[in-house]
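The next block holds one structure in the form of structure tokens; read it before the comments.
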There are 2 protein chains.
Amino acid sequence: MLAADRTDRYHLGMPVPKGSTIDPARTRATILRAATAVLYERGLDGVGVAELCARLGISKETLYRHFGAKDGLVEAMLQERSRRVTRRLAEVVEQAGDDPREQLTALFDALQGWYDDPVFRGCAMLNASAQHHDETVRALAARHLDRYLELLTGIAERAGAAAPDVLGRQLLMLVEGATVVAAQHDAGGVGEHARQAALTLLAASGSARSTPDRATRPRRRP
Amino acid sequence: MLAADRTDRYHLGMPVPKGSTIDPARTRATILRAATAVLYERGLDGVGVAELCARLGISKETLYRHFGAKDGLVEAMLQERSRRVTRRLAEVVEQAGDDPREQLTALFDALQGWYDDPVFRGCAMLNASAQHHDETVRALAARHLDRYLELLTGIAERAGAAAPDVLGRQLLMLVEGATVVAAQHDAGGVGEHARQAALTLLAASGSARSTPDRATRPRRRP
DNA sequence: CACGGATCGTACCGACCGGTTCGATCTATG
DNA sequence: CATAGATCGAACCGGTCGGTACGATCCGTG
């Protein structure tokens, strides 16, 4: 589990390299990354602070100095994950070129790759929201869906959909539905089927690419 | 919270009516129904056994005699809810007539009605699966999705879709995605948008009955 | 009328959990 | 060399939770 025998040791399960100040910021980031993996796999309440710290190779005091409380860790973790995942998907879409169809294809392919990952356990935000009825976590989940919706509505707009916000919502349902089904029901091919559905909705959404400029519409948040 | 003052009292928060044997089966069903509501609203781990019993107006001993353990209650509860919900949706579909488009419309209208219910908190099965990483609960959630899938694939078959199982999966994603979005993001109109998407997918699925502009084909191919 | 069964209310128990504290160790800095 | 800061490991604390036990109450039945 850990490295370093009793003679020399320190910090995060590994002996501190030669001459390096223990950088708190780096420590915090490392804790965040490792804790995210454990809490995602086992659930927020599935692992206590003691075991969590043991797995990370840190002491409870270190964790509490960086995050104040377990909730602080959870919130920081969810925020960071939401940002990272959203950025990743936005990159995938961006690198797919200008064709909205290609963008959607790339997006659902990326999702399928995620579903195939052995550690895939569904959307961490929605899982967290189901576990902690805490209002803060709910807000983070809602914000996460906001980010997704913004990305998808952007695709819908570039496709010249007659009602891009409606299409964006529908694509959001497909993305989240595919994620849920992949997590709970699997059987494979979920991403592909979702992609086909998305392309069908796109094709049926009105004049494709013929009306690039249109009145901008209000945005997210109820 | 309770009825009955200190003079006469008994059983399930209400005084036992005049001459009636306390029927264990009825007691169990009543506990199940009331516990379902509380645990759905607050989360499986959001309310302890003590408080749960207080809310139901029963003693812990009674609960444990009927369900053995909290997990037993949870499992019984989820099973019963899955059966009830699925049956209800099947009825809605059945009462909508023979047209698959009408059936889908009725189904998503029913879902929208659910979303509008103030106690709506998303799909209880998926919430439970996110909370208890327990294998039994996961299996119950998977079985729940099986039931949904069966219903939706049936509609796809009656519509004469070229690939009814694929369309069924896609409709399942829409249903679950709509439920997730309604629970976490709301803003209204989710059911309607999901319904439109479902009808679009149905119309594009190579069906005979649901697309008026295509060559007709016989229905019913199991 | 006595008995068995279902129930209540309460007290109790052991386990665990989130969080705090403390002494010791090591590093960089001045 | 002394100090300050980051960390470790372990002990500790109060609270909560799931589950059990027990005496008392009320019912229908024999």
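Values below: every heavy atom of this structure, side chains too, minus hydrogens, waters and symmetry copies. Labels below follow one simple rule: chain letters A, B, ... track the order of the sequence lines, proteins then strands, and each chain is numbered from 1.
- Taken over five-pair windows at either terminus, the axes of the helix from C:dC1-D:dG30 to C:dG30-D:dC1 are inclined to one another by 0° (rounded to 10 degrees).
- Relative to the six-membered ring of A:Tyr40, A:Arg81 meets both conditions, a distance below 6.0 Å and an angle of at most 45° to the axis.
- For residues 39-53 of chain A, every residue pair satisfying the salt bridge (Lys or Arg N to Asp or Glu O under 4.0 Å) rule, not counting sequence neighbours, is listed here: A:Arg42-A:Glu51, A:Glu51-A:Arg55.
- A:Arg87 is listed as a side-chain neighbour of A:Glu91, based on a closest heavy-atom distance under 4.5 Å.
- As a whole-Å value, the separation of B:Glu61 CD from C:dC13 P is 18 Å.
- Within the structure, the salt bridge (Lys or Arg N to Asp or Glu O under 4.0 Å) test picks out no pair touching residues 113-128 of chain A (sequence neighbours left out).
- B:Gln131 places its CD atom 15 Å from the P atom of D:dC17, with the value rounded to the nearest Å.
- In this structure, B:His132 and B:Arg138 have side chains that are not in contact, with every pair of non-hydrogen atoms separated by 4.5 Å or more.
- The side chain of A:Thr62 contributes an N or O atom lying less than 4.0 Å from OP1 or OP2 of D:dC8.
- Per the geometry, NE2 belonging to A:His66 stands 4 Å off P belonging to D:dT7, to the nearest Å.
- Nucleotide D:dG9 holds its C1' atom 19 Å from the CZ atom of A:Arg55, rounded to whole Å.
- Here A:Arg65 reaches the OP1 or OP2 of D:dT7: one of its side-chain N or O atoms lies under 4.0 Å away.
- At a threshold of 4.5 Å between non-hydrogen side-chain atoms, the residues A:Leu151 and A:Thr86 do not count as touching.
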Could you go over nucleotides 17-19 of chain C and give all protein N or O partners under 3.5 Å, atom names and distances?
residue : atom : partner : partner atom : Å
C:dG18  : OP1  : A:Lys70 : NZ           : 2.8
C:dG18  : OP2  : A:Val49 : N            : 2.6
C:dG19  : OP2  : A:Tyr64 : OH           : 3.0
C:dG19  : OP2  : A:Lys70 : N            : 2.8
C:dG19  : N7   : A:Lys60 : NZ           : 2.6
C:dG19  : O6   : A:Lys60 : NZ           : 2.3

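- Rounded to an integer number of Å, the gap from CZ of B:Phe67 to P of D:dT20 is 15 Å.
- Atom P of nucleotide C:dT7 and atom CG of B:Leu56 are separated by 13 Å, given to the nearest angstrom.
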Please report, to 0.1 Å, the donor-acceptor pairs under 3.5 Å made by any side chain of residues 166-173 of chain A, with sequence neighbours excluded.
residue  : atom : partner  : partner atom : Å
A:Arg169 : NH2  : B:Asp186 : O            : 2.6
A:Gln170 : NE2  : B:His193 : O            : 2.8

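- For C:dT7, the OP1/OP2 oxygens have a side-chain nitrogen or oxygen of B:Thr27 closer than 4.0 Å.
- Within the 4.5 Å cutoff, the side chain of B:Val49 has heavy atoms near those of the B:Cys53 side chain.
- Residue pairs meeting the ring-ring contact (aromatic ring centres under 6.0 Å, His included) criterion with at least one member in residues 64-85 of chain A, sequence neighbours excluded, do not occur.
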